[in-house]
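Reading through the structure tokens given below for one structure.
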Amino acid sequence: MALLVYKFGGTSVGSAERIKAVADKVKKAHDMGDQIVVVLSAMSGETNRLIALAKQMQAQPTEREMDVLISTGEQVTVALLTMALHDLGCEASSYTGAQVKILTDSSFTKARIRKIDDAKLRKDLDAGKVVVVAGFQGVDELGNITTLGRGGSDTTAVAIAAALKADECHIYTDVDGVYTTDPRVEPKARRLDHITFEEMLEMASLGSKVLQIRSVEFAGKYNVALRVLSSFKEGNGTLITYEDTQMESALISGIAFNRDEAKLTITGVPDLPGVAFKILGPIADANIEVDMIVQNIADDATTDFTFTVDRKDYQRALALLEQTCADLGARKVTGDNTIVKVSIVGVGMRSHAGIASTMFKTLAEEGINIRMIATSEIKISVVVDEKYLELAVRALHAAFELDKISA
Ligand code: ASP
Ligand code: MG
């Protein structure tokens with residue numbers, strides 16, 4: 001008998017029929033003897049609909065009231081699923097975050113979970129019931145309703161799995177697992193049976209949208225085995241755990257990319273202590289996130305400094321950098337918002353030499369110019385012109401034989 005947490009996303013509970021299909025699936029697992037906690041999102045589109053309604057009332061509603069509002073979407077789905085389970089003769093109870101007592105801090109719309117009271121959940125599970133919990137929400141010390149940030153139901157599921165020491169946390173979604181790359185770009189992309197937390201974190205932060213980054217971090221921290229599966233298709237999905245021996249043969253696990261990149265360069269900067277801070281300080285103060293940073297070796301007394309930001313922040317960053325250029329007496333500022341980042345990710349990189357050279361050789365053979373390079377222990381990222389994105393991804397996918405099943 002296993003204790004499993006099942007999380008279903010918005011599309012999986014997007015209509016009455018789909019909620020009934022979820023009930024069937026849950027009942028089947030429960031009949032097999034497993035203990036099941038179900039965590040749900042709101043019906044697809046519902047959270048957006050509520051946010052749009054709020055904006056019709058007030059341009060900037062308080063975050064406290066926003067949370068009272070947007071937490072209702074999940075309250076609807078947990079009640080409906082529980083009714084559907086009852087209709088199948090399956091004992092079940094629904095709970096809001098506050099009813100469970102998922103205690104959070106008071107940062108409305110982006111609250112952090114502090115503690116989960118597992119008493120009610122345990123009692124129901126021990127009595128043979130299915131427990132259905134509203135995702136995305138909690139309650140603060142004063143009894144205010146809080147929400148965890150968009151996509152937060154994944155985090156609820158993982159946190160509950162950690163609190164209950166569940167055997168696995170299943171994230172049911174509209175894709176059937178984590179792929180070697182986006183199948184829309186490379187149709188030969190393959191579903192991975194297994195990936196490590198670290199790889200998944202890199203893939204998620206590099207643009208793979210399968211799982212919320214925070215939920216993967218949480219799962220890693222509490223060692224909750226995560227499995228991503230399709231709600232609509234049978235299959236084992238992708239298991240995310242710490243490194244195992246099976247993985248040792250795979251050099252790289254996946255190729256991630258991000259289309260929303262822009263780069264900025266300031267040249268002829270005096271090569272003095274404090275310059276990096278003077279350049280990036282105003283950018284950080286403006287709450288603009290900087291990703292890659294490259295500073296060249298100075299050959300005269302000046303140096304060049306390049307960094308990347310999200311495309312939506314490009315114009316603001318450019319204006320700030322122009323100001324810094326004037327303040328520092330640097331030569332000039334240039335920028336490009338038609339670049340993308342392509343990254344290869346894999347724990348196998350740690351123990352194998354030559355991965356970077358294979359990557360660069362592959363891009364060279366396709367005539368793709370690399371504009372920037374950044375590496376970490378398990379990732380190599382390159383910045384290239386956006387017109388080469390598809391070509392780069394496919395060429396790398398083939399070069400690292402990601403279309404072939406590894407041993
Ligand atoms: N319903 C919330 C959202 O759309 C939470 C979730 O789906 O995970 O962000
Ligand atoms: Mg979601």
Side-chain angles (χ1 to χ4, degrees), residues 5-16 18-19 21-22 26 37-55 61 63-82 94-100 102 104-105 107-113 116 131-140 144-163 169-175 178 200-201 204-205 207-219 224 226-232 237 240:
V5 175
Y6 282 9
K7 184 263 173 178
F8 293 90
T11 20
S12 311
V13 293
S15 68
R18 288 191 170 175
I19 293 175
V22 168
V26 171
V37 177
V38 184
V39 174
L40 297 182
S41 285
M43 294 170 94
S44 52
E46 177 63 6
T47 310
N48 288 342
R49 187 185 73 88
L50 294 168
I51 291 170
L53 273 174
K55 299 250 156 82
E63 292 184 322
R64 182 186 182 282
E65 300 319 311
M66 281 311 285
D67 279 355
V68 174
L69 177 71
I70 60 180
S71 60
T72 60
E74 276 74 7
Q75 189 168 338
V76 170
T77 50
V78 292
L80 292 175
L81 177 70
T82 306
S94 62
Y95 294 96
T96 64
Q99 284 177 312
V100 171
I102 297 179
T104 71
D105 61 21
S107 318
F108 297 114
T109 75
K110 48 182 174 300
R112 298 261 154 186
I113 297 177
I116 294 183
V131 185
V132 186
V133 181
F136 176 55
Q137 55 182 267
V139 62
D140 75 0
N144 295 302
I145 294 174
T146 55
T147 67
L148 308 179
R150 296 309 303 271
S153 300
D154 290 354
T155 300
T156 305
V158 172
I160 289 180
C169 178
H170 290 191
I171 308 280
Y172 288 91
T173 174
D174 40 8
V175 295
V178 179
M200 191 63 223
L201 268 183
S205 60
S208 159
K209 296 203 174 58
V210 179
L211 285 175
Q212 196 204 25
I213 295 180
R214 216 169 119 198
S215 65
V216 182
E217 275 170 1
F218 215 107
V224 173
L226 267 184
R227 193 182 285 279
V228 181
L229 326 88
S230 160
S231 331
F232 311 113
I240 309 163

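Any value given below was found using the heavy atoms of this structure, including those in side chains, with hydrogens, waters and symmetry copies removed. Counting starts at 1 for both ligands and their atoms, following the listed order. A quick note: this is a predicted structure, and the numbers were derived from the prediction, not measured.
Where the criterion is an N or O separation shorter than 3.5 Å, residue side chain and backbone included, Gly151 meets it with respect to ligand 1. The shortest N or O to N or O distance between Lys7 and ligand 1 is not below 3.5 Å. Residue-to-ligand polar distances keep Asp154 apart from ligand 1: every N/O pair is separated by 3.5 Å or more.
In this structure, CZ on Phe218 lies 12.0 Å from CG on Asp154, to the nearest 0.5 angstrom.
In summary, the atoms of ligand 1 found under 4.0 Å from a heavy atom of Ser41, numbered by their order in the structure, are 6 (C), 7 (O), 8 (O). Counting atoms of ligand 1 from 1 in the listed order, those under 4.0 Å from a heavy atom of Arg150 are 3 (C), 4 (O), 9 (O).
Residue contacts with ligand 1, taken as heavy atom pairs separated by less than 4.0 Å, involve Glu74 solely via side-chain atoms from C-beta onward.
Applying the side-chain contact (heavy atoms from CB on, under 4.5 Å) criterion to Lys110, with sequence neighbours excluded, gives Glu63, Ser107. A search for ring pair (Phe, Tyr, Trp, His ring centres under 6.0 Å) contacts involving Tyr95 returns nothing, not counting sequence neighbours.
Of the N and O atoms on the side chains of Ser44 and Thr11, not one donor lies less than 3.5 Å from an acceptor on the other residue. No hydrogens or angles considered: a donor-acceptor pair under 3.5 Å links the side chains of Asp67 and Thr147.
For atom 8 (O) of ligand 1, the candidate residues are Ser71, Ala134, Ser153; the nearest heavy-atom contact is made by Ser153.
The backbone N or O of Arg150 sits less than 3.5 Å from a side-chain atom of Gln212, completing a donor-acceptor pair.
Using 4.0 Å as the threshold, Gly152 has a heavy atom nearer than that to some atom of ligand 1.
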